[in-house]
Amino acid sequence: MNSVTSPADAAADPSGHQPPPKQARTPPPRPATSPRLAGLCGVVATGTGLAAAALVAQATGPGSAPVTAIGNRLIDLMPAPLVNWGKETLGHADKPVLLVIVTLVALALGALAGLLAARRRHLGWVVIAPLAALSLLAASTDPAASFPSSLVPTLVALVVAVPLLSALVERAHSRTFADGTPDTEARRRFLTLLGGATTAAVVGVGAERVIDARVGAGSDAGLPPLPTPSATEAVPAGAELGIAGLSPYVTPAKDFYRIDTALVVPRVSATKWTLSIVGQVRKPVTIDYATLLSRGLVEHVTTLTCVSNEVGGNLAGNAVWLGLPVRELLAEAEPLPGADMVLSRSADGWTAGTPLEALTDPHRQALLAVGMNGKPLPREHGYPVRMVVPGLYGYVSATKWVVELKVTSFAADQGYWTPLGWSAKGPIKLASRIDVPVNSGTVPSGDVVVAGVAWAQHTGVRAVEVRVDEGPWQPATLAEVTSADTWRQWHWTWPSTRGRHLLQCRAQDATGAWQTEDQAPPAPDGATGLHSVDVVVG
Ligand SMILES: Nc1nc2c(c(=O)[nH]1)N[C@H]1C(S)=C(S)[C@@H](COP(=O)(O)O)O[C@H]1N2
Ligand SMILES: [Mo]
C-alpha cells in the first residue's frame, strides 16, 4: 500500500497539502458497460425509433406503424378461443392492452439489442434485423396499407433507432478514468443524449396522439355537405321520457358504444372512397361518395346492438342514420339466382355476412349510412360510409368503413366472426334493461321510479313488465317510438318498502312472445335472461 492518496500519507503531512496525482487524464481502455445501462440504451433507442415511426405513420396510414401492424397481424393469427377470451375479459380495453403488450415486448427486445450491442457493436442486429423484418412483413400485408409507403415507418424506426443505439452505447462506455475518477464530461454527454432521445420519444408520441385525434370526419377538403334527406323521420316528443339516469332515446354519437377489431381507427378519405358491388351479380356496380350523396338519401332511426352485449349491458345505442337504401344499389347490380348472402368488407379487411333478403326487402330500411344524428359519421363509427341493418346484430350487418359488397352465399362465404365460433346469422334477440335505479344503489323509500329500455328491432316491443323480489309481474308504461326498429323507453312507479330488494324486467315483442328467463351467454348468437337489479331502500 503505497499509493499517494493513501490515508497514511495524508496523515504524515499535517498541513494536509499534497501535490495532485501526476497522471494523464486519458480514457482507459473501454470498460464493460453495466448490463442495466446497456439495456436502458436499447430501450430508449427502440422507444425513440417506434415513436418516430408512429408519427410518420400518420402520413402513410395508421396501420403501417410497426406496433399497430404487428398487433393487427397477431389478431389475425390468434386462435379463435384467445380472440374471444380477449374480447370477453377485456372488453373495450382489448386494443390498448394488445398495443401495450406489443410495445413492451418490442422494448424488451430493444433492451436485449442494447446488451448485445454493448458487447460488440454489430451484435445488436441479431435482434434488430428479425424484428424489423417482422414489422416490414406485417405492414406490407395490412389490408388497408398502400404498399410500398406502408414500409416507410419501419424504415424510419431503423434509421432513428440504430444510430441512436450505437451513439448511446458508445457514450455509456468510458465513464471513468484509469484512476477511478469519473469522467463527468463524458457522463454529461451520455445523459444529455439519453434525456434528449427520451424527450423526443415522449413528444413524438404526444404529437402522434394529437394528430390522430384531429384528423377525423369532415376533414376531407372540398367535401359536399350532407344533403337534406328525401324522407325524414321526426322523433316524437313522447319517445323521450326525460327521466334522470335513463338512456336517452337517441344516443349522442360521443356516448355511442364502439365495437370493432381495428387497433387504430381506419382513416378512409371520402373523396377517394368507392363502394363496389361484386360477386354473383349480373352488372357489377361501383359508386363514389359524391354520387352516393347525390342520390335520394333517407333518414331512419335504428338501434344497433352488439351480440357480445351481456344481459343488462350497454352495447346498444340508437341513432338517426342518413343513407342510401342498400336495396337500390343491389337492384342495379341484379343479384343472380343462388345468391343468399352479402359479404360486406371494410377498408381494414373486416367482413360481415348478411342475408341477401334482409338487404333487398323493401320493408327493411337497410342503409349505406353517411350521417349519424345529423352529422357525417364520426371516424370511429365508420366514416365515410357504413352499413346499418335494422334487426341484425352488428357483427353480421353493420360494417363500418365499408368498401365492398360481395353478393355470394352462406355456403360459399363466412363473415369475420363466424369461423371464430359465432353464428352465421344473428337476428337481434328480444331484450329489456333497467337503467334506474342502478344496481347496488340506495334509494329513498316511498315511490321509486324504475325505468329502462327494451328492444326487439324490426319486430317491435309491445309490453314491458317489472317485478319486485320475484313477486307478481306489474305492467310498465311504454314511451313512443319512431318505428319497430328502435328501442323503447319504459317506466314504472314502485311503491317501495325499506330493505333490500330485487328488481327484474321482461319485455314482450309485437308477435306476443315474452322475453325468455333462460340464461344464455353472448356466444354464439346473443345473451338471454332477465336483467336483475339489487337495490337498498333506506
Ligand atoms: N369494419 C368493421 N365494422 C364493424 C365491426 C368491425 O370490427 N369492423 N364490428 C361490428 C360490430 S361487432 C358491431 S356491434 C358494430 C358496432 O358499431 P359501432 O361501433 O358504431 O357501435 O359494428 C360492426 N361493424
Ligand atoms: Mo358486435
Side-chain angles (χ1 to χ4, degrees), residues 62-63 71-72 75-76 83-84 86-88 91-92 94-95 98 142-144 216-217 247 250-268 273 275 302-310 313-321 323 342-354 366-373 375-405 415-429 431 455 457 487 521-527:
N72 273 329
I75 296 180
D76 297 344
V83 174
N84 287 330
K87 190 172 154 147
E88 275 153 30
H92 280 279
D94 59 347
K95 288 183 254 298
L98 181 63
D142 191 284
S247 305
V250 173
T251 314
K254 66 171 181 18
D255 301 331
F256 209 94
Y257 79 96
R258 178 190 160 200
I259 291 285
D260 53 63
T261 57
L263 270 182
V264 290
V265 184
R267 198 177 297 155
V268 180
W273 177 89
L275 174 85
T302 298
T303 301
L304 281 189
T305 309
C306 183
V307 68
S308 300
N309 194 45
E310 303 275 354
N314 58 6
L315 300 182
N318 188 38
V320 184
W321 307 98
V342 172
L343 191 73
S344 48
R345 182 183 301 278
S346 71
D348 70 345
W350 188 86
T351 54
T354 311
L367 298 181
L368 283 166
V370 294
M372 180 181 192
N373 298 341
K375 297 223 175 73
L377 291 176
R379 221 174 94 202
E380 59 271 28
H381 293 295
Y383 179 83
V385 184
R386 76 172 304 167
M387 294 236 300
V388 175
V389 184
L392 306 181
Y393 285 121
Y395 83 108
V396 289
S397 69
T399 306
K400 304 191 269 189
W401 317 289
V402 65
V403 292
E404 185 188 90
L405 302 182
Y416 178 89
W417 285 108
T418 304
L420 299 179
W422 298 77
S423 295
K425 297 192 182 171
I428 297 176
K429 293 180 179 175
W455 59 79
Q457 287 93 319
W487 61 16
D525 61 0

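Worth saying up front: this structure is predicted, and the values here are computed from it rather than measured. Remember, it's 1-based here, ligands and their atoms both numbered in the order they're listed.
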Looking at ligand 1, does any of its N/O atoms fall within less than 3.5 Å of an N/O of [X]?
X      : answer
Asp260 : no
Ala262 : no
Arg258 : no
Glu380 : no
Trp417 : no
Thr261 : yes
Val307 : no

Minimum-distance protein heavy atom relative to [atom]:
atom                    : value
atom 9 (N) of ligand 1  : Ile259 O, 3.3 Å
atom 19 (O) of ligand 1 : Lys400 NZ, 2.5 Å
atom 11 (C) of ligand 1 : Gly394 C, 3.7 Å
atom 24 (N) of ligand 1 : Ala398 O, 2.9 Å

Assess Arg386 for proximity to ligand 1: is some non-hydrogen atom of it under 4.0 Å away? yes
Within the side chain of [X], is there an N or O that forms a donor-acceptor pair under 3.5 Å with the backbone of [Y]?
X      : Y      : value
Asn309 : Leu315 : yes
Trp321 : Thr302 : yes
Arg386 : Ala398 : yes
Tyr393 : Lys429 : yes

Going by heavy atoms in the side chains, are Met387 and Leu368 under 4.5 Å from each other?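 Answer yes - side chains close enough.
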Please identify which atoms of ligand 1 are closer than 4.0 Å to at least one heavy atom of [X].
X      : answer
Tyr395 : 11 (C), 12 (S)
Cys306 : 14 (S)
Phe256 : 21 (O)
Thr399 : 3 (N), 24 (N)
Asp348 : 1 (N)

For the residue pair Trp417 and Trp422, categorise the inter-ring angle as parallel (less than 30°), tilted (30 to 60°) or perpendicular (more than 60°). perpendicular
My understanding is that only one of Thr399, Val403, Val268, Val370 makes a side-chain contact (heavy atoms from CB on, under 4.5 Å) with Val385; could you say which?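 Checked Thr399, Val403, Val268, Val370 against Val385; only one passes side-chain contact (heavy atoms from CB on, under 4.5 Å): Val370.
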Which of these passes side-chain contact (heavy atoms from CB on, under 4.5 Å) with Thr303: Thr251, Asn318, Val250? Asn318
Using a heavy-atom cut-off of under 4.0 Å, does the side chain or the backbone of Ser346 touch ligand 1, or both, or neither?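 Under 4.0 Å from ligand 1, Ser346 contributes side-chain atoms alone.
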Quick one: do Asp348 and Lys400 make a salt bridge, cutoff under 4.0 Å?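 Not counted as a salt bridge, because no side-chain N and carboxylate O are separated by less than 4.0 Å.
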Please step through side chain to side chain contact (heavy atoms under 4.5 Å, CB included) for the pair Phe256 and Glu380, ending with a clear verdict. CA-CA 10 Å; Phe256 209 94; Glu380 59 271 28; over 6 Å; no
Of all heavy-atom pairs linking Trp273 and Val402, the shortest is NE1-O, 2.7 Å
Report the member of Tyr257, Tyr416, Trp350, Tyr393 with the shortest heavy-atom distance to atom 8 (N) of ligand 1.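 The nearest heavy atom belongs to Trp350.
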Apply side chain to side chain contact (heavy atoms under 4.5 Å, CB included) to residues Tyr257 and Leu304 and explain how you reach the verdict. CA-CA 9 Å; Tyr257 79 96; Leu304 281 189; 3.7 Å; yes
